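Heads up: the structure comes next, in structure tokens.
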Number of protein chains: 2
Amino acid sequence: MEYMNTASTSEPRWLNDEEQRVWRSYIDATTLLEDHLDRQLQRDAGMPHVYYGLLVKLAESPHRRLRMTELAMYAKITRSRLSHAVARLEKNGWVRREDCPDDKRGQFAVLTDAGQEVLQQTAPGHVEAVRQAVFDRLTTEQQKALGEIMRIVAEGLQPSEAGADLPWLR
Amino acid sequence: MEYMNTASTSEPRWLNDEEQRVWRSYIDATTLLEDHLDRQLQRDAGMPHVYYGLLVKLAESPHRRLRMTELAMYAKITRSRLSHAVARLEKNGWVRREDCPDDKRGQFAVLTDAGQEVLQQTAPGHVEAVRQAVFDRLTTEQQKALGEIMRIVAEGLQPSEAGADLPWLR
DNA sequence: GAGCTCTCCTTGAACTTTTAACTACCTGAG
DNA sequence: CTCAGGTAGTTAAAAGTTCAAGGAGAGCTC
């Protein structure tokens, strides 16, 4: 009989061949795609994909602004990383910081007109890149499956359904 | 009437709401997952996910070695990035470089015993992390779909079915 | 076999990300 | 009010990545 049953000592649950193939494809595809989009945006918009995503989130937010912590959460990055990113975007003139009146520790990241401009200029090229790399190659069923799968994975990794507890959102 | 029809000037093929949801889920999941695995491996193996992947590829190769270019290709990273990575892994004593006898420009990256060791120690924890984050949460059908989808996407981005033209592989 | 081009791999500099403090401010208990 | 502990955001330093350039050898042509 198996006498060990703790997570750390029992027999590892290795991936079988098919699972390994799936996992490798996942790694390959995500690596290639992120790289591809990074280059596309670096070339056409002068910024990496993550930074572009930040501008998009701001553009979609009321008054084109978001608290730093909130933006970090939506973009799934750390506050530290966001601080650096916003500093860079500020240098480009695409984002501006504003103090939060309600909380003196708080900062808003605000999309500037120049930032809006850059988005409008580069969004078409970016969607096209995403379509060509992903949507154009998948059937409707596959797109649906992809959405569902990714939703499940993201949900599982979300640091405890975060965000439900931000004062500003009450 | 629409009078323009060239790629650069025609109306952008925007993503509809459902497509946007799919795309966002994709970004969220891949960002969270890569971050999760990076932390897991940094904590337990003292290296980022990509570096771990390099050791795995070497471990699976004949004589635990691979030409630099070949390794870069399998791992889907640039040669430059690989050079830096191997330099670091070499410092850790997990990889060693060897000259290629057939081509004086060439280098082999070779997995050392210490590298093998580190893999054996940390592989169980890593598979478990992957399982918990991905496979345990998906049905068999979803796993299959994920594999197929990722294979398609990777295939589309592969720089021209690369690798078919490496002399060593003839 | 000289010269031209291409490939293999590395390098330094610029840039981005991580990690671990750290400042400043808010909040609630007493 | 005061103080302990938590939160918002930043920062310096270390680590990793990208980009452009370059050294050195291979390989092809004449």
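In the text below, chain A, chain B and the rest are named by the order of the sequence lines, each starting its count at 1. Given the structure is predicted, the values throughout are model-derived calculations rather than measurements. Only this structure's heavy atoms are used, side chains among them; waters, hydrogens and symmetry mates stay out.
- Rounded to whole Å, atom P of C:dC9 lies 10 Å from atom CG of B:L66.
- The nearest whole Å value for the distance from the CZ atom in B:R81 to the C1' atom in C:dT16 is 12 Å.
- Looking at A:R43 and A:D38, no side-chain N of the basic residue comes within less than 4.0 Å of a carboxylate O on the acidic one, giving no salt bridge.
- Of the residues in residues 44-52 of chain B, not one places a heavy atom less than 4.0 Å from an atom of DNA chain C.
- Rounded to whole angstrom, the span from the NE2 atom of A:H36 across to the C1' atom of D:dT18 amounts to 17 Å.
- Within 3.5 Å, no donor on the side chain of A:H84 pairs with an acceptor on the base of D:dG9, nor the reverse.
- Proximity note for A:R97 (side chain, C-beta onward) versus C:dT11, D:dT10, C:dT18: the nearest is D:dT10.
- Residue-to-nucleotide contacts include a donor-acceptor pair under 3.5 Å from the side chain of B:R105 to the base of C:dT7.
- Between A:D38 and A:G106, the one whose closest nucleotide on DNA chain D sits nearer the 5' end is A:G106.
- Side chains of A:N16 and A:Q20: a donor-acceptor N/O pair is absent below 3.5 angstrom, by distance only.
- Side-chain nitrogen and oxygen atoms of B:R88 include at least one within less than 4.0 Å of the OP1 or OP2 phosphate oxygen of D:dG16.
- Residue A:S80 places its side chain closer to C:dA20 than to any other of C:dA20, D:dG16, D:dC19.
- Look at CG on A:L37: it is 13 Å from P on D:dT18, rounded to the nearest Å.
- Note on ring orientation: taking the six-membered ring where Trp is involved, the planes of A:Y52 and A:H49 are tilted (angle from 30° to 60°).
- Classification of A:R13 and B:D136 as a salt-bridged pair holds, one side-chain N sitting under 4.0 Å from a carboxylate O.
- Residues B:D102 and A:V86 each lie close to DNA chain D; by heavy-atom proximity, the contact nearer the 5' end of the strand is made by A:V86.
- Between D:dT10, C:dT10, D:dC19, one nucleotide has an atom nearer to the side chain of B:Q107 than all others, and that is C:dT10.
- Under a 4.0 Å N-O distance rule, the pair B:D113/B:R64 qualifies as a salt bridge.
- Spacing between atom CD of B:E90 and atom P of D:dG16 amounts to 15 Å, rounded to whole angstrom units.
- Each of A:Q42 and B:Q42 was matched to the nucleotide of DNA chain C holding its nearest heavy atom; the match closer to the 5' end belongs to A:Q42.
- Under the 4.0 Å criterion applied to side-chain N and carboxylate O atoms, A:R21 and A:E18 are assigned as salt-bridge partners.
- Salt-bridge check for B:E90 with B:R88: failed, with every basic side-chain N at 4.0 Å or more from each acidic carboxylate O.
- Taking atom CG of residue B:D99 and atom P of nucleotide C:dC8, one finds them 16 Å apart after rounding to whole Å.
- Protein atom CG of B:L54 is 12 Å distant from nucleotide atom P of D:dG16, rounded to whole Å.
- One finds a side-chain N or O of B:R39 lying less than 4.0 angstrom from the OP1 or OP2 phosphate oxygen of C:dT19.
- Evaluated for a side chain to side chain contact (heavy atoms under 4.5 Å, CB included) with A:I152, the options A:M150, A:E148, A:E155 yield exactly one hit, A:E148.
- Between A:R67 and D:dG9 there is a side-chain N or O to OP1 or OP2 distance below 4.0 Å.
- Set against D:dG25, C:dT19, C:dT18, the side chain of B:D103 has D:dG25 as its closest nucleotide.
- One can place CZ of B:R79 at 15 Å from C1' of D:dG23, the figure rounded to the nearest angstrom.
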